[in-house]
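In the text below, chain A, chain B and the rest are named by the order of the sequence lines, each starting its count at 1.
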Amino acid sequence: MERGIISVDRWSEGSQLYFLTHLHADHTVGLSPRWKKGPVYCSHISARLFHHKFPGFDTSLIRTLQIGQWHSLSLQTKVEVMAIEANHCPGAVMYLFRGEFGVTLYTGDFRWEVASEITQMGKNMIANALKNDKVDILYIDNTYCNPSYSFPSREVAAQQVVNIINSYPEHDIIIGIDTLGKEDLLLYISKMLKIKIWVWPERLQTMHLLGLHDNFTTKTTLTRVRAVPRYSFSVETLEGLNAMRPTIGIMPSGLPWKLKKVGRKDNSCSLSSLKTETDNDLHMNMRNRYTNNIEKHHQYIYTVPYSDHSCFSEIVEFVKFLCPNNIKGIVSSSLSYVDPCYHLHNIYGTSSLCQKHVIKEEKARVEGECKFTLVCDSSTEVKYKRKRIRQSRQYGACLRKTRVSLLRRFNRGAKLTTEDCSDE
DNA sequence: GCGATCAGAT
DNA sequence: CACATCTGATCGC
């Protein structure tokens with residue numbers, strides 16, 4: 001009854017089959033080179049990148065899925081799965097499951113750019129796959145499921161980046177990226193400016209695995225544009241670089257890039273004003289940000305709303321398209337988390353679905369922990385998490401941070417169980 | 001000493 | 001606000 005059958009982006013507990021949406025680190029916590037709990041399903045591209053991320057991984061456990069095709073899974077009960085392009089990062093897919101339990105769609109992280117060809121293809125695939133069926137449970141990437149998040153297509157944002165670079169013809173440029181993703185942005189820059197982009201050696205290997213051989217280099221002398229790990233992208237970095245050469249930093253992200261207080265004695269720039277902003281100020285910044293699209297946060301730093309997650313209006317479009325019976329968010333990491341349906345009530349009007357979720361949301365606010373039940377059904381883990389939360393509560397001001405990091409780790413991913421399938 | 005897990009940072 | 005990632009501390013073996 002409680003036994004896990006299918007896990008998506010969830011690796012810590014027992015299951016019969018495991019599915020990976022994409023290879024970003026927060027979706028692979030618990031996966032390791034010595035993995036042997038069971039077969040791992042993923043896209044061809046993820047499979048190609050697998051050994052780079054997990055050297056020595058037992059290849060016989062990897063099962064690749066053709067995108068847009070139903071695959072039968074060998075389980076006691078008949079279950080089929082289809083992978084659909086998620087338009088998030090290379091190899092990222094959504095999973096559509098069909099079985100006795102009905103139809104479940106797990107988006108993983110996804111971008112639903114309505115005008116893009118990939119999205120249109122995905123839409124057709126889903127429509128053809130569903131025929132007259134309806135999605136019973138939609139697990140959705142609700143990272144930006146709030147009306148205040150609105151950004152342009154990545155094509156538009158990429159042009160904004162190029163414009164910034166062109167406006168600094170004599171400057172070096174650094175762009176913050178992750179270990180995977182934003183390749184299209186870099187390619188666009190490379191083609192428009194007819195220059196190579198510097199990346200760090202590991203990242204060049206990834207580029208090669210993705211079949212990108214001509215636009216990237218690890219030789220600094222060849223280019224003034226460098227893509228650097230996002231975590232190394234900071235005010236200090238930029239100030240340090242500017243001590244040597246004029247350099248501009250560009251952060252492509254759906255999130256406003258926020259300055260952190262500098263833990264040193266110098267307060268030469270107005271960092272503190274941003275640090276102490278209230279919620280109202282924050283919303284003001286958000287409005288400004290999205291009317292102007294580009295924001296200069298600092299003497300040397302721009303953020304451009306180039307996002308690999310769907311913005312609110314795209315989430316709305318997606319939900320309207322599917323009209324699922326039930327929606328669950330896969331990201332429940334912040335204190336401001338609300339069930340996706342809370343902001344989607346206009347689609348459903350006063351339907352019972354909406355009511356149910358508003359109640360859930362209310363309960364969540366009261367109990368503080370209701371959201372665990374969205375994706376977690378292992379009672380031991382719930383207890384464990386509650387214990388941790390209780391401990392962290394005692395630290396008052398530390399609570400926010402502690403909860404955020406704890407919740408982040410636990411609340412990505414889902415497990416389908418017979419229990420999950422039969423009720424709700 | 002090693003891997004897994006966690007806290008805290010960017 | 002919370003993206004994805006890394007470093008360093010701690011725990012169990």
Side-chain angles (χ1 to χ4, degrees), chain A residues 9 11-12 22-35 53-54 56 88-89 92 108-109 111 141-151 174 176-182 200 202-203 206 228-238 240 249 251-263 271 274-275 277-287 289-290 295 297-298 301 303-312 329-338 381 384-385 387-389 391-392 395 397-412:
Chain A
D9 290 351
W11 315 96
S12 57
H22 65 289
L23 277 167
H24 279 156
D26 55 336
H27 292 257
T28 58
V29 177
L31 256 183
S32 77
R34 287 156 304 288
W35 171 266
K53 186 154 179 113
F54 302 111
H88 172 68
C89 72
D109 290 348
R111 178 96 200 241
D141 171 14
N142 55 312
T143 304
Y144 296 125
C145 189
N146 182 308
S148 61
Y149 289 114
S150 158
F151 20 78
I174 66 167
I177 61 166
D178 295 317
T179 56
L180 190 61
K182 310 269 193 312
W200 63 101
E202 282 268 286
R203 197 59 161 91
T206 304
V228 303
R230 188 172 49 172
Y231 62 85
S232 73
F233 186 107
S234 66
V235 170
E236 286 85 348
T237 307
L238 265 298
M251 180 56 78
S253 172
L255 274 178
W257 195 80
K258 191 167 174 189
L259 298 173
K260 293 265 160 66
K261 189 194 164 194
V262 183
L271 299 180
L274 266 162
K275 199 230 158 203
E277 68 190 353
T278 65
D279 280 356
N280 277 344
D281 293 330
L282 184 66
H283 286 132
M284 282 282 280
N285 284 345
M286 298 279 278
R287 266 201 298 279
R289 167 180 170 71
Y290 294 124
E295 182 143 317
H297 274 293
H298 179 270
I301 297 173
T303 48
V304 176
Y306 187 104
S307 172
D308 286 329
H309 295 269
S310 299
C311 67
F312 182 71
I330 64 171
V331 185
S332 50
S333 55
S334 82
L335 286 179
S336 72
Y337 172 86
V338 290
E381 193 174 358
Y384 174 65
K385 278 184 277 186
K387 186 173 143 217
R388 303 289 311 190
I389 298 301
Q391 285 172 351
S392 63
Y395 294 100
C398 300
L399 177 64
R400 280 175 172 259
K401 263 250 148 96
T402 314
R403 285 191 58 186
V404 166
S405 60
L406 276 169
L407 289 165
R408 279 194 48 152
R409 292 207 178 95
F410 285 118
N411 283 321
R412 289 258 189 187

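Of the candidates C:dC1, C:dT5, C:dA4, the closest approach to any side-chain atom of A:Asp109 belongs to C:dA4. The side chain of A:Thr143 has C:dC3 as its nearest neighbour among C:dC3, C:dC1, C:dA4. Of the candidates C:dT5, C:dC1, B:dT10, B:dT10 carries the atom nearest the A:Ser234 side chain, counting heavy atoms from C-beta on. Nearest nucleotide to the A:His309 side chain, out of C:dC3, C:dT5, C:dC1: C:dC3.
With rounding to whole Å, A:Phe233 atom CZ is found 17 Å from C:dC6 atom C1'. Rounded to whole Å, atom C1' of B:dA9 lies 11 Å from atom CD of A:Glu236. Counting to the nearest Å, the P atom of C:dC1 and the CG atom of A:Asn146 are 12 Å from each other. Note: OH (A:Tyr144) to C1' (C:dC1) measures 9 Å, nearest angstrom. In this entry the distance linking CG of A:Asp26 with C1' of C:dA4 reads 6 Å, nearest Å. The nearest whole Å value for the distance from the CE atom in A:Met251 to the P atom in C:dA4 is 13 Å. Regarding A:Asp308, its CG atom lies at a distance of 13 Å from the P atom of C:dC3, rounded to whole Å. Residue A:Asp9 contributes atom CG, which lies 11 Å from atom P of C:dA4 at whole-angstrom precision.
Residues satisfying the side chain to side chain donor-acceptor pair (under 3.5 Å) criterion with A:Lys182, sequence neighbours excluded, are A:Asp308. A:Tyr144 is linked by a ring-ring contact (aromatic ring centres under 6.0 Å, His included) to A:Tyr149, A:Phe151, A:His309, counting only residues two or more places apart in sequence or in another chain.
Between A:Ser253 and C:dC3 there is no side-chain polar atom (N or O) within less than 4.0 angstrom of OP1 or OP2.
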Working for side-chain contact (heavy atoms from CB on, under 4.5 Å), residues A:Val235 and A:His298:
CA-CA 8 Å; A:Val235 170; A:His298 179 270; 3.5 Å; yes

side-chain contact (heavy atoms from CB on, under 4.5 Å) for A:Thr303 and A:Leu255? Distances and angles first, verdict last.
CA-CA 9 Å; A:Thr303 48; A:Leu255 274 178; over 6 Å; no

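Side-chain contact check for A:Asp109 and A:His27: at least one donor-acceptor pair (N or O, by modelled atom type) lies under 3.5 Å.
A donor-acceptor distance shorter than 3.5 angstrom exists from the side chain of A:Asn142 to the backbone of A:Ile330, with no hydrogens or angles considered. The closest donor-acceptor contact from the side chain of A:Thr237 to the backbone of A:Ser232 lies under 3.5 Å.
Nucleic acid contact for A:Thr237: none, since no nucleic acid atom lies under 4.0 Å from a heavy atom of the residue.
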Strictly under 3.5 Å: I want the nitrogen or oxygen pairs between protein and nucleotides 2-4 of chain B, one per line.
unit_1, atom_1, unit_2, atom_2, d
B:dA4, OP2, A:Arg34, NH2, 3.0

